[in-house]
Amino acid sequence: MEFINLGKSTLAAEYVAIEIFRQIQKNKRSKLGLATGGTMEPVYADLVKLIQSNPLDLSEIQTFNLDEYFELDKESTQSYLYYMKHHLFNHIDIRDEQYYFPDNDAENLEEDNKAYDYMIMQDFPINLQILGIGTNGHIGFNEPGTPFDSGTRMVHLTEETITANARFFDSIEDVPTKAVTMGIRTIMKSNRIILLATGEKKKAIINKLFNMTYPDEAIPASVLLHHPDVLVVTDDAASPY
Ligand code: PGA
């Protein structure tokens, strides 16, 4: 696992956007694993700018989002589908059938989750997976204690995550307590992973990760120590050095 501190958060986001852009430029059939959250908003804004000002064939890419709130109406402005449309998909030339989310309704949930994992791995794995990190070390919505061999599934969110995400809702009572997330096993199958962490609130967890030698299920992101190609990008505020 490599760490790079780029100083300003704007530069850290720009760097990640450029890496996504380069991945598509290198391979127009790229599979991208995408994340949501506050940290990713400037990344998608920069990516939109890059794509709008430089020719790039997006017609064959496929994107797979990490997670979605359980049983939340996909049209709701709080859904991650809405987030992705608002920040990225509506501004670039991509068709509905090119982007995928874990299915978030109860009917046939287990089968649908298995199908998501299967689809992600079909033909070839995700070329570039983008991750944020929770203050508790979660990746996707894989909360502390998640077995490292977990696939896509329904999960209960921790109080820490619910509190952190309350800022996107009118009140904390409105935050869903369950979600469907890509599993840790699924994430680990990606060829390359970039984790972006910015802001003071992420400093403690990044520092912990930086100083870990062995993965520990209590800190889900520490599984990345086992992955051969992970870059952790930070700004000064979140930097471990
Ligand atoms: P954030 O979320 O970017 O809103 O801090 C990151 C995460 O929970 O993975």
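The model shown is predicted, which means the values in this text are computed figures rather than measured ones. Counting starts at 1 for both ligands and their atoms, following the listed order.
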Regarding [X] and [Y], do their side chains bring together a donor and an acceptor under 3.5 Å, going by distance alone?
| X | Y | answer |
| --- | --- | --- |
| Thr161 | His138 | yes |
| Arg185 | Asn142 | no |
| Thr146 | Glu217 | no |

- Query: Parallel under 30°, tilted from 30 to 60°, perpendicular over 60°: which one fits the rings of Phe141 and Tyr69?
  - Reply: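 Tilted: the ring planes of Phe141 and Tyr69 meet at 30° to 60°.
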- Message: I need the nearest protein heavy-atom contact for atom 3 (O) of ligand 1: residue, atom name and distance, please.
- Response: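 Atom 3 (O) of ligand 1 sits closest to the protein heavy atom Thr39 OG1, 2.4 Å.
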- Item | Protein contact to atom 6 (C) of ligand 1 [nearest heavy atom, distance to 0.1 Å] |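 Going atom by atom, the protein heavy atom closest to atom 6 (C) of ligand 1 ends up being Ile133 O, 3.5 Å.
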- Query: What part of Arg167, side chain from CB on, backbone N/CA/C/O, both or neither, has a heavy atom under 4.0 Å from ligand 1?
  - Reply: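 Arg167 to ligand 1: side-chain contact only, backbone stays beyond 4.0 Å.
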- Using a strict 4.0 Å cut-off to heavy atoms of Gly132, name the atoms of ligand 1 that fall inside it.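 In order of numbering, the contacting atoms are 9 (O).
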- Number the atoms of ligand 1 from 1 as they appear, then name those within less than 4.0 Å of a heavy atom of Gly37, with their elements.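 Taking each heavy atom of Gly37 in turn, ligand 1 has 3 (O), 4 (O) under 4.0 Å.
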- Query: Is there a nitrogen or oxygen of Gly38 sitting under 3.5 Å from a nitrogen or oxygen of ligand 1?
  - Reply: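 Yes; at least one N/O pair falls below 3.5 Å.
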- Message: I'd like to know whether Lys202 forms a side chain to side chain contact (heavy atoms under 4.5 Å, CB included) with Thr39, so could you lay out the CA-CA distance, the side-chain angles of the two residues, the decisive distance to 0.1 Å, and finally the verdict.
- Response: CA-CA 10 Å; Lys202 301 292 167 71; Thr39 314; 3.7 Å; yes
- Message: Heavy atom to atom 8 (O) of ligand 1, shortest distance: which of His138, Lys202, Glu41 holds it?
- Response: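 The option holding the nearest heavy atom is His138.
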- For Phe124, does its backbone N or O pair with a side-chain atom of Lys31 as donor and acceptor, under 3.5 Å?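 Checking the backbone N and O of Phe124 against the side chain of Lys31, a donor-acceptor pair under 3.5 Å is found.
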